[in-house]
Amino acid sequence: MYDRTTIHIGDAKFDVRRSDTDLFVNDTRIDFPEFSLEKRLVTVRLSDRVVRFAVNRNGDDLWLIMSGRVLPLSIETERDRLLKVAAQATTGEGGSIIVKAAMPGLVVRTVAHVGQQVKRGETILILEAMKMENEVRAPADGMVSDIHVKERDSVEKGAHLVNLKL
């Protein structure tokens, strides 16, 4: 089984698939590189060259700094993709959004409460899935009008978790 990661550096996109024995970048098999990390400086030793770069974070934004160039960096793992799906919602009638579970799991904690105003990206509840706690975030600004689950509830994929009134 392969772990899949998508890396965007500036306008370039790299699809990475990795198993215990294989590594593919954009469907090209490469030898596992040797790398080291010292503070923010990353050194990658490939079979034909050595690449050095720094990674910087500013809030939620990542930046790759290499050869005097500063490029936006984003790394999306399979888990990240699942969390994005978890944050997807269905628009309901009357300017409301239904936040649904992207995968089966256990409600660990409800963070928001009915009547609370939330901003897009704000955590509304914590869902444990695949032995990891995942933050379910508000897909838009709104008011929590209904919470369909309580702590320790088991939910199935697609279960209605929270309603937001826009």
Side-chain angles (χ1 to χ4, degrees), residues 1-29 32 35 37 40 42 55-64 71-166:
M1 179 169 191
Y2 285 98
D3 288 331
R4 295 178 185 271
T5 302
T6 302
I7 301 170
H8 292 270
I9 302 171
D11 293 330
K13 177 182 173 184
F14 303 93
D15 291 311
V16 180
R17 290 184 299 131
R18 178 185 61 83
S19 72
D20 289 339
T21 58
D22 296 308
L23 178 64
F24 292 87
V25 177
N26 294 341
D27 292 324
T28 301
R29 188 182 184 290
F32 278 98
F35 69 93
L37 175 64
R40 295 177 321 194
V42 179
V55 176
N56 214 358
R57 176 182 292 269
N58 183 6
D60 288 338
D61 297 326
L62 290 175
W63 301 92
L64 183 134
L71 300 167
L73 169 68
S74 70
I75 302 168
E76 184 180 62
T77 64
E78 224 18 70
R79 179 176 181 264
D80 295 328
R81 281 187 277 282
L82 289 172
L83 290 174
K84 275 186 183 177
V85 171
Q88 287 178 344
T90 304
T91 304
E93 295 179 24
S96 66
I97 293 177
I98 302 166
V99 180
K100 298 180 180 183
M103 62 192 98
L106 178 73
V107 177
V108 175
R109 186 171 81 240
T110 55
V111 177
H113 56 79
V114 172
Q116 179 178 341
Q117 290 290 328
V118 294
K119 296 281 186 194
R120 181 178 184 261
E122 191 173 328
T123 301
I124 51 180
L125 64 87
I126 309 291
L127 184 68
E128 182 181 296
M130 299 175 4
K131 299 182 182 179
M132 291 184 284
E133 289 189 1
N134 302 292
E135 295 180 346
V136 176
R137 299 176 182 267
D141 293 354
M143 181 192 72
V144 177
S145 60
D146 198 10
I147 300 175
H148 300 280
V149 294
K150 60 185 183 307
E151 293 178 7
R152 300 187 184 201
D153 278 355
S154 290
V155 296
E156 295 299 320
K157 179 179 179 177
H160 291 198
L161 302 174
V162 175
N163 283 20
L164 293 179
K165 185 172 177 75
L166 303 177

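For Arg17, the salt bridge (charged side-chain N to carboxylate O under 4.0 Å, His left out) partners are Asp27, not counting sequence neighbours.
Annotation: the span from Thr110 atom OG1 to Glu151 atom CD amounts to 4.5 Å, rounded to 0.5 Å. Remark: Thr123 OG1 to Arg109 CZ distance equals 8.5 Å, nearest 0.5 Å. Remark: Leu161 CG to Leu127 CG distance equals 6.5 Å, nearest 0.5 Å. To the nearest 0.5 Å, atoms CZ (Arg4) and CG (Asp15) are separated by 8.5 Å. The CD atom of Gln117 sits 9.5 Å away from atom CG of Leu164, with the distance rounded to the nearest 0.5 Å. Note: Ile97 CD1 to Arg120 CZ = 10.0 Å, rounded to the nearest 0.5 Å.
Side chains of Trp63 and Leu71 form no contact here, defined as non-hydrogen atoms less than 4.5 Å apart. The side-chain heavy atoms of Ile98 and His160, taken from C-beta on, include a pair separated by under 4.5 Å. Between Leu166 and Asp141 there is no side-chain heavy-atom pair separated by less than 4.5 Å. Glu122 is not listed as a side-chain neighbour of Glu135, based on a closest heavy-atom distance of 4.5 Å or more. The shortest side-chain heavy-atom distance between Ser74 and Leu62 does not fall under the 4.5 Å cut-off. A heavy-atom distance below 4.5 Å is found between the side chains of Val42 and Leu37. A heavy-atom distance below 4.5 Å is not found between the side chains of Val162 and Asp146.
Of all non-hydrogen atoms in Ala129 and Met103, the two that sit nearest each other are CB-SD, 3.3 Å. Heavy atoms only, all atoms of each residue included: Phe32 and Asp22 are closest at CZ-O, 3.5 Å. Between Ile147 and His113, the shortest heavy-atom contact is CD1-CA, 3.8 Å. Looking at every heavy atom in both residues, Leu106 comes nearest to Ser154 through CD1-OG, 3.9 Å. The shortest non-hydrogen separation linking Val155 to Ala101 is CG2-CB, 4.1 Å.
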Could you walk me through whether Leu73 and His8 pass the side chain to side chain contact (heavy atoms under 4.5 Å, CB included) test, one step at a time? CA-CA 6 Å; Leu73 169 68; His8 292 270; over 6 Å; no
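By the 6.0 Å contact criterion, CZ on Arg152 is open, its count of non-hydrogen atoms from other residues, nucleotides or ligands being 12 or less. Enclosure of atom CZ in Phe35 is not indicated, since only 12 or fewer non-hydrogen atoms of other residues, nucleotides or ligands lie within 6.0 angstrom. Other residues, nucleotides and ligands contribute over 12 non-hydrogen atoms within 6.0 Å of the CG atom of Asp61.
A side-chain contact (heavy atoms from CB on, under 4.5 Å) with Lys13 is found for exactly one of Ile7, Asn26, Thr6, namely Thr6.
Between Asp3 and Arg18, at least one side-chain nitrogen of the basic residue sits less than 4.0 Å from a carboxylate oxygen of the acidic one, meeting the salt-bridge criterion.
Between the Asp153 side chain and the Lys150 main chain, a donor and an acceptor come within less than 3.5 Å of each other. Remark: side-chain polar atoms of Asn163 are not paired, donor with acceptor, to backbone N or O of Ser145 under 3.5 angstrom. A distance-only check finds a donor-acceptor pair linking the side chain of Asn134 to the backbone of Met132 [under 3.5 Å].
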